Asker: 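The structure's right below; bear with me while I get my questions together.
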Amino acid sequence: MSHWFERLAERRMLKARAEGKLSGLAGEGKPLPRHLEAAFVDPGEAVGYRIMAEHGALPEEVQLRKALAAAKAAYAVAEGDEARRAAMAGIAEVQMKLSIAEEARRKFMR
């Protein structure tokens, strides 16, 4: 960030604090939540994910990622060629559904 921009932002925050605009806000006095994954997510998507999280909704992609992890775990413990083939088919199916869901979200967000 530019030095002048940092100074401007700092002055505005100090002014808002002096006017009392920063007191009584939700979460005041608590540490900021650490959402490291948000660094790699589009800001519009991050807002959507935050709203869903606040209301307890899981996006389809999250459910599919959990299902994919479960399918991979099933493959890891599968014994025999037929069981491994069936587990691989399950992984492929879930990966395909996940790709479709991700592409649908990208098209919707455009």
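Note that this is a predicted model, so its numbers are computed, not measured. For reference, positions follow the sequence shown, starting with 1.
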Asker: Are Arg105 and Glu102 close enough for a salt bridge, meaning some N to O gap below 4.0 Å?
Answerer: no
Asker: For the CD atom on Glu103, are there more than 12 heavy atoms of other groups (residues, nucleotides or ligands in this structure) within a distance under 6.0 Å?
Answerer: yes
Asker: Considering all heavy atoms of both residues, which atom of Leu64 and which atom of Ala101 are nearest to each other, and what is their separation?
Answerer: CD1-CB, 4.0 Å
Asker: Thinking salt bridges, do Arg7 and Glu10 make one under a 4.0 Å N-O criterion?
Answerer: no
Asker: To the nearest 0.5 Å, tell me how far Lys72 NZ sits from Leu68 CG.
Answerer: 4.5 Å
Asker: Out of curiosity, Arg65 CZ to Glu60 CD, how far, rounded to the nearest 0.5 Å?
Answerer: 11.0 Å
Asker: Working to the nearest 0.5 angstrom, can you tell me the gap between Leu22 CG and Glu28 CD?
Answerer: 8.5 Å
Asker: For Tyr75 and Met88, which heavy atoms make the closest approach, and how far apart are they?
Answerer: CE1-CG, 3.5 Å
Asker: Decide side-chain contact (heavy atoms from CB on, under 4.5 Å) for Arg17 and Met13; before the verdict, give the C-alpha distance in whole Å, the side-chain angles of both, and the deciding distance to 0.1 Å.
Answerer: CA-CA 6 Å; Arg17 179 184 285 164; Met13 285 187 280; over 6 Å; no
